[in-house]
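In what follows, a structure is listed as structure tokens, so that the remarks can point back to it.
These figures come from a predicted structure and were not determined experimentally. Proteins come first, then strands; the chains are lettered A, B, ... in the order of their sequence lines, and each starts at number 1.
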Amino acid sequence: MTTRVGVVTFPGSLDDRDAQRAVRLAGAEPVALWHRDKDLHQVDAVVLPGGFSYGDYLRCGAISRFSPVMDTIIEQAKLGMPVLGICNGFQVLCESHLLPGALTRNDSLHFVCRDQKLRIENTGTAWTRDYSAGQEIVVPLKNGEGRFVADEHVLDQLEAEGRIVARYLDVNPNGSYRDIAGITNAAGNVVGLMPHPEHAVEPLTGPTTEGLGFFTSVLKQLVNA
Amino acid sequence: MARVVVDVMLKPEILDPQGQAVQRALPRLGFAGIADVRQGKRFELELEGPVDDAALARIREAAETFLANTVIEDFVVRIEEEGK
Amino acid sequence: MARVVVDVMLKPEILDPQGQAVQRALPRLGFAGIADVRQGKRFELELEGPVDDAALARIREAAETFLANTVIEDFVVRIEEEGK
Amino acid sequence: MTLDTVKNAEQTPEADQPWSELGLKADEYARIREILGRRPTGAELAMYSVMWSEHCSYKSSKVHLKQFGEKKPDSDAMLVGIGENAGVVDVGQGYAVTFKVESHNHPSYIEPYQGAATGIGGIVRDILAMGARPVAVMDPLRFGAADHPDTRRVLPGIVAGIGGYGNCLGLPNIGGEVVFDACYQGNPLVNALCVGVMKHEDIHLAQASGAGNKVILYGARTGGDGIGGVSVLASETFDATGPAKRPAVQVGDPFQEKLLIESTLEIFAEKLVLGIQDLGGAGLSCATSELASAGSGGMRIELDTVPLRDNTLSPEEILMSESQERMCAIVEPGKVARFLEICEKWDVIATVIGEVTEGERLEIFWHGELVVDVPPRSVAHDGPTYNRPYARPSWQDALQADAPTAERLARPSNGEELKAALLAVAGSPNQASKSWITDQYDRYVIGNTVLATPEDSGMIRIDEETNLGVSVATDGNGRFTKLDPYTGAQLALAEAYRNVAAGGAKPLAVSDCLNFGSPEDPDVMWQFAEATRGLADACLVLGTPVTGGNVSLYNQTGETAIHPTPVVAVLGVIDDVTRRTPIGFAEEGQLVYLLGD
Ligand SMILES: Nc1ncnc2c1ncn2[C@@H]1O[C@H](COP(=O)(O)OP(=O)(O)O)[C@@H](O)[C@H]1O
């Protein structure tokens with residue numbers, strides 16, 4: 001049986017088709033999920049894609065967080081279902097309190113789109129098993145509100161528990177505290193990531209294909225489970 | 001130190017997509033009875049000196065030329081009340 | 001109709017790059033004497049009904065759960081003074 | 001104010017009307033009275049004034065633009081030509097591509113962020129209205145001197161507006177231009193291009209036919225934005241101190257536009273519309289009159305059913321409002337329910353505001369009273385045409401004589417001079433890297449961007465199975481064009497053509513945005529005539545038809561016009577994007593050839 005990975009479309013989601021393509025290239029079956037539908041249609045994992053859901057009005061992810069599909073995803077995530085939030089999806093995960101902290105306006109005050117070098121810090125999550133510890137990858141980054149902030153206590157705890165999944169290398173593009181590009185929950189099934197691995201899955205259209213590992217990782221995790 | 005607040009709001013005739021998005025979301029979250037929402041900016045300025053007429057005049061000028069975009073926004077300058 | 005205002009500001013310990021950018025620009029524009037600037041959001045809510053305690057309690061809840069992200073922001077709810 | 005109905009207009013033929021304030025000339029007003037056989041109502045006057053403005057009617061440029069049709073090269077690729085929202089080109093494998101470049105110069109000077117943002121919004125709706133999914137944008141820009149204080153106000157706002165709107169729509173920005181020249185100080189150029197893709201059978205046209213079919217307005221509510229904007233903003237000159245009038249500025253809502261795109265594409269997929277038109281400049285006046293005049297039969301509109309943001313708007317204002325993010329569709333009665341359902345799914349407001357009728361008139365009612373009763377063609381197509389006088393400027397010879405020719409230009413004669421020349425070129429803002437701008441634009445979204453900044457052309461994959469793709473480049477050089485408008489326009493075309501070819505695509509078609517000064521100045525009109533003639537001649541030679549474009553006149557500060565700046569976009573096709581040729585040397589040991597002389 002093929003692994004089914006759901007990709008949620010909120011009003012204003014943009015990278016949903018890209019995430020579906022990445023899921024397909026990794027060998028799984030992408031399943032489109034609609035924000036108004038509570039039913040997850042028997043998916044094994046969920047991706048919350050990038051974009052400007054609800055125009056990023058109020059705060060990024062703040063309105064989407066209250067959509068019906070999120071009720072089910074929050075419930076399932078707590079039961080261990082793998083969930084990856086990319087960019088806007090990361091913001092939704094923070095607003096849902098599945099992940100700590102918040103994502104705020106870039107310190108440059110500008111939207112930034114660049115090929116970003118990252119170091120994978122934790123290969124124990126559902127979404128990073130296919131990387132090697134300390135592996136450096138380059139994937140696109142594009143955000144206006146990607147500066148991860150949390151209070152010192154939370155940051156220390158994330159460090160101590162190894163819950164920082166990826167850090168920015170060379171350039172910190174948005175002023176994220178402690179160069180944080182992505183984090184995980186304590187169980188390792190929920191991961192939020194500011195950069196866009198789904199835009200680095202084909203040599204033709206991405207700077208590298210080094211983003212594919214996130215999607216193959218979850219496949220292995222689910223097959224082995 | 002003294003605090004002066006500058007509130008900047010879109011002019012009433014100008015579309016406020018952010019306020020509209022909030023207004024549409026509120027009933028879905030169970031908050032009924034809100035007829036309109038407008039979203040603007042609030043600047044809190046801490047002055048080094050006293051809040052006298054001269055200082056207020058300067059802040060009004062800064063609001064007019066810089067903090068607000070008077071093509072589409074209105075602003076109000078006020079001294080923050082005690083105890084806030 | 002009655003108006004309630006919700007002011008949302010970043011918590012003091014969270015860096016406010018927008019406020020800082022304003023603060024850095026002010027002296028260049030000839031406005032000296034401003035020690036600190038913070039930039040936040042102002043929501044103006046027009047209520048359909050009266051602003052009684054029940055309405056205020058609901059708005060406080062909406063602010064707490066929705067209008068502000070209390071991980072990083074503080075908020076104040078207040079009834080708009082007359083004549084504004 | 002009492003309602004100015006048709007009946008009232010008939011009974012009060014001598015009533016004073018503000019035709020002059022609305023930008024109409026005395027003879028134009030007289031024409032309207034002649035067409036109607038009475039004085040126009042206020043609502044009719046509003047419609048004629050916006051539709052007969054320079055911006056909407058092309059009254060000064062029409063006689064010259066004709067050449068693009070007359071000298072059209074034979075091309076099998078043209079599926080839809082000039083006259084529709086945008087031209088459509090066959091790119092093979094059953095795919096068609098539509099693209100167009102437009103200007104939003106004047107609004108962007110007044111309010112840089114919103115002006116530029118709504119410029120992107122407008123061109124994207126044009127492309128959408130053809131039946132296509134928008135897949136990429138580009139932004140040819142011109143600013144005043146890089147170190148001028150006002151450039152500091154204008155440039156960051158424009159770039160942020162283009163990025164803010166385009167990024168939020170999820171359209172990759174695949175190229176553009178940034179040029180600094182003092183001539184654009186009081187009049188920056190913000191041109192915006194959008195490319196869309198569809199299957200041949202999905203092409204939609206703006207027309208209303210079939211009595212009983214419904215007219216549906218959907219998208220944003222109508223507000224008081226940009227009222228009179230068309231006639232005032234796009235047709236009047238600014239004086240040196242800035243805009244004389246500050247008309248209401250339109251604010252864009254890219255999120256609403258994204259919903260409009262998704263709902264419209266779903267509506268197309270289910271074949272629910274017969275005709276469709278976006279609401280741009282001139283809003284409902286334009287949409288209703290153009291849809292009706294392109295179809296058979298007439299149209300009846302109940303204007304009071306239009307959803308409003310501001311309940312105090314008068315019928316005149318509703319007809320003139322330029323509120324963004326709205327579209328108008330013609331739908332068979334049996335399909336209305338499904339149409340509304342799709343709109344509801346996407347949180348888009350949709351309202352039946354009228355229907356196609358047997359007659360030949362466009363009739364608009366306000367709470368049951370007839371306020372507009374006109375032949376739609378007279379509004380949409382029979383606007384005035386001017387044969388503006390033009391003549392080669394008296395200073396043209398002197399300008400050319402003063403040009404730095406190879407003989408007269410002192411060549412560096414030693415290392416020091418060479419260094420100084422090199423540094424001067426390298427240090428020019430026009431040569432500097434544009435990444436500080438392009439890094440604010442998303443070029444990855446949709447996952448089909450094959451070439452984008454810093455490449456010669458932008459390239460998009462349109463079929464993931466076959467790797468079919470298209471590429472677009474835009475170019476324009478105001479300095480060359482001022483020196484010789486005929487050749488300058490040709491150079492712009494040649495450069496864009498080369499940029500497309502260099503990436504590996506075959507150039508197929510052209511769109512252009514003609515940015516010039518006041519047509520009332522014979523010098524400027526000569527530049528315009530020469531540039532269009534040059535472009536049409538060159539398109540014939542290269543075999544690339546002009547599929548559409550835009551004219552922006554009155555680009556000047558006081559009496560001083562900008563350099564004549566035709567911006568030319570060339571679209572090419574490539575049957576396998578994996579064979580694209582990026583710029584730069586790929587590997588050591590490869591040979592370097594110079595082509596041409
Ligand atoms: N305003 C813009 N928007 C998007 N891309 C731009 C813009 N300006 C320049 N570019 C891109 O940056 C690259 C370099 O531009 P430029 O220096 O003008 O190159 P060239 O001289 O080869 O045209 C090109 O790929 C161009 O498309």
Bottom line for B:Asp16: the part with an atom under 4.5 Å from chain D's heavy atoms is neither
Taken to the nearest 0.5 Å, the spacing of D:Glu325 CD from B:Leu15 CG works out to 7.0 Å
CD1 (B:Ile72) and CD (D:Glu111) are apart, to the nearest 0.5 Å, by 4.5 Å
So the side-chain hydrogen bond (donor to acceptor under 3.5 Å, both in side chains) pairs with at least one residue in residues 51-68 of chain B (sequence neighbours excluded) are none
Review point. Checking D:Arg309 side chain against B:Glu13 main chain: does a donor-acceptor pair fall under 3.5 Å?
Key: yes
CD (B:Gln20) and CZ (D:Phe255) are apart, to the nearest 0.5 Å, by 11.0 Å
- Query: Quick one: are D:Val251 and B:Pro17 in side-chain contact, heavy atoms under 4.5 Å?
  - Reply: yes
Note to self: Taking CZ in B:Arg24 as the centre, count heavy atoms belonging to other residues, nucleotides or ligands within less than 6.0 Å. Is the count above 12?
What the structure shows: yes
